Number of protein chains: 2
Amino acid sequence: MTVGDPRDVLALKRDGRRLAPEDLAAFVTGFARGEIPDYQAAAFLMAAYIRGLDTSETLALTRAMVESGRTVALAGVSRPTVDKHSTGGVADGVTLAFAPLAASLGLAVAKLSGRGLGHTGGTLDKLESIPGLRTDLSPEELVRQVERVGCAVAAQTHDIVPADGALYALRDATATVPSIPLIAASVMSKKLAVETELILLDVKAGSGAFMKTPEDARTLAETCTTLAADWGRSCRAAVTDMSQPLGQAIGNALDVAEAVSLLSGGSHGRLRDLSVLFAGEALSRLTGAGMGEGRSAAAASMDSGKGLEAFRHMVEAQGGDPRVVDDPWAVLPVAPVRRPIEADRAGHLAAVDAEALGRASTDLGAGRKKKGDPIDPAVGIVFRPKIGDRLEAGEEIGTIHARDEAAARECVPRVLSALTMSSTQVEPPPLVHGWFGG
Amino acid sequence: MTVGDPRDVLALKRDGRRLAPEDLAAFVTGFARGEIPDYQAAAFLMAAYIRGLDTSETLALTRAMVESGRTVALAGVSRPTVDKHSTGGVADGVTLAFAPLAASLGLAVAKLSGRGLGHTGGTLDKLESIPGLRTDLSPEELVRQVERVGCAVAAQTHDIVPADGALYALRDATATVPSIPLIAASVMSKKLAVETELILLDVKAGSGAFMKTPEDARTLAETCTTLAADWGRSCRAAVTDMSQPLGQAIGNALDVAEAVSLLSGGSHGRLRDLSVLFAGEALSRLTGAGMGEGRSAAAASMDSGKGLEAFRHMVEAQGGDPRVVDDPWAVLPVAPVRRPIEADRAGHLAAVDAEALGRASTDLGAGRKKKGDPIDPAVGIVFRPKIGDRLEAGEEIGTIHARDEAAARECVPRVLSALTMSSTQVEPPPLVHGWFGG
């Protein structure tokens, strides 16, 4: 479609026909260059949403998106390289722990990250709650830091997959966000633009995730890993539980403090388990170590404080105050108001509306309702119980960290109404629903 | 949706759900006012194309379109009022004959018309080939002329259904034109905005029409008449044959000359039959005359020259040179080159690609490829045979009227290749496939 009418592409997809890869690529490239107007791209997105895109179409879309910008080569990095991405969850601090943990195991983590939006937090926002820390590394700075420290988390620059930002804004405006091929192309284009040896995906499923069911999450995981395979890249995707907050901290500085505690070996639970699982998977895939061996090494790195040291080096390399690893709350911003959350009845915790908790934290100021909104790094929610726990009426189950009393007061009932209690015992949900890709 | 997010409307239609009339109306009104951007409207059009719109949704869309502008009241007109619209065909000069014919029968025809586009001609363009004739009547001028002369054909002004122009441009750009509910809303909004007592629709079916099959045309006719009934207006729609050019003239001045000949009682055939049928239908519906009586009166008006006199009055009232009715080619622009078309083989004419003939005429300069293109009133094609006719090799079957020799030479093989010949006898297609509405 070097010469051609974009309406021919629209008519084919409108009628549920398969697009030739070169036609789809020409359409997306034309859009990225500003030659195809928003309204034609919007009509395409709606047709693609309703009719779907098959494997080869999704690959062509992804390729055109990657080729809309520059890519980051990691040939200069001597360690085995890995990138890790979560599709977004609540109290999902895995990346904060995973990056230094993998670095402490001799791997190199090169991660470009986005900011939080809606009810899910963003790794960039969390890291930036550390005074002085900057995430605006150039690709060259990123590569140098990865080689020297073993890990770096930087903001995605505008010249990497520029088509994604433009397409995402249109999807957001046209009710075409929750389409698995469009999500997969968006996620994977940004991963494929950074040339790591391994891509790890954490595809969240449940009340706090975009994919509400493990089945949908599985389809997304398979679509992403197929895309990577067709591209010639190694990618492993886990579908993991987001039917409740993964860790305890739903905020920014709060998440950093939780990560420090985790990397000090002082926390146990699902956040630690998943961090160890991903670090173990990376070690095993990249060095040929056995799976059990990889996980043991990751756990040991956490308990010995080696992971924490790597975190210190990363923070320092990015200009942040390294004392955050010794005494987080001496360094991190503290919310002026703390209000305890007490269970309003006794019972077994049966379900948590994790998205509602994420939204409550956003409304405290910890997140963004729309792109570009400012956030307050100090505020958020600490929520401790997990599904299956027995709670007593009046038991303290967490803390609201708020800017003022009114906000804290308003938040408590929102947290409580997100909980479903049962009079009988409840089985905790599995942490991992399955692994995909190779 | 006075308060509301247009994305909710998009999400519902995306998922194939029925929209509440007020939500759909708010969306379209928001678009017409420039509050809803092109890209959201484009996504809506694609979703509506794929998922469809039901009767109540189509009515809500049509109502919002009508209410985007002003309407034309005809309360001041003492005669029974009628409007007549064709969905577009090739050599379709019915309106040119119908308007004066109905006027000569004591009715009043108030017609706002659009310009030709693509392979189909437009009544405005045809009339404007008469020197001096203007079509930019204000609604007030239109009403005055209708009362005084009995008929007027004027250009649709920008303040009548302004949403239609904007939506049509988007549909054209987004491959969402051929949707029956969207077509029906576009056609009917312009008819409902002019408050005639009766609306007559000529829904064309066949190779020269937008609806290629009588079945599709029937669906469109039913959608349009249901819309009118739901609105409380009287509407009759005929599905008529467009598997070949209706008359002989495919151009502008050529069509006027053919209309003059027809109104002089000098022509017989399908164009005359259909003009008489529509005028008879109007008379019968508006005066209670029997159907046969109405048609006889229309035919008599044609043969007596009363219709031609009404045409003279209309031309004169709109500033055109009235001598066109006495000696058309003394007044109308004449193409410099005329080249005969001769049949290249003998046989029975079995099929005609009428759209191809329309396009060939457009390429001579008689039509527009896109809105706003200039047209040449003098050029076009006269094509005489009808399906079922026996032709001899070398027999003259028509004439190319062209700007230059090269254009005429190039046109001949295009006309000939639009014809399918048969060695055996061929039955002519029916002229009318059916009537709808009440």
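Not measured: the values here are computed from a predicted model.
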(request) Would you mind checking which part of Asp172(B) comes under 4.5 Å of any heavy atom in chain A, side chain (CB onward), backbone (N, CA, C, O), both or neither? (result) both
(request) Measure Leu45(A) against the heavy atoms of chain B and call it side chain, backbone, both or neither at under 4.5 Å. (result) neither
(request) Count the heavy-atom pairs under 4.5 Å between each of Ala43(B), Gly16(B), Pro178(B), Ala47(B) and chain A, then report the option with the highest count. (result) Ala43(B)
(message) Would the distance check show the side chain of Arg14(B) and the main-chain N or O of Ile50(A) forming a donor-acceptor pair, the cut-off being under 3.5 Å?
(response) no
(request) Search all heavy atoms of Ala175(B) against all heavy atoms of Leu10(A) and return the closest pair with its distance. (result) CB-CB, 3.8 Å
(request) Work out which heavy atom in Thr174(B) is nearest to a heavy atom in Tyr39(A); give both atom names and the distance. (result) CG2-O, 3.8 Å
(message) Can you tell me how far apart CE (Met46(A)) and CZ (Arg51(B)) are? Round to the nearest 0.5 Å.
(response) 9.5 Å
(request) Kindly check if the number of other-residue, nucleotide or ligand heavy atoms within 6.0 Å of CZ (Arg70(A)) is above 12? (result) yes
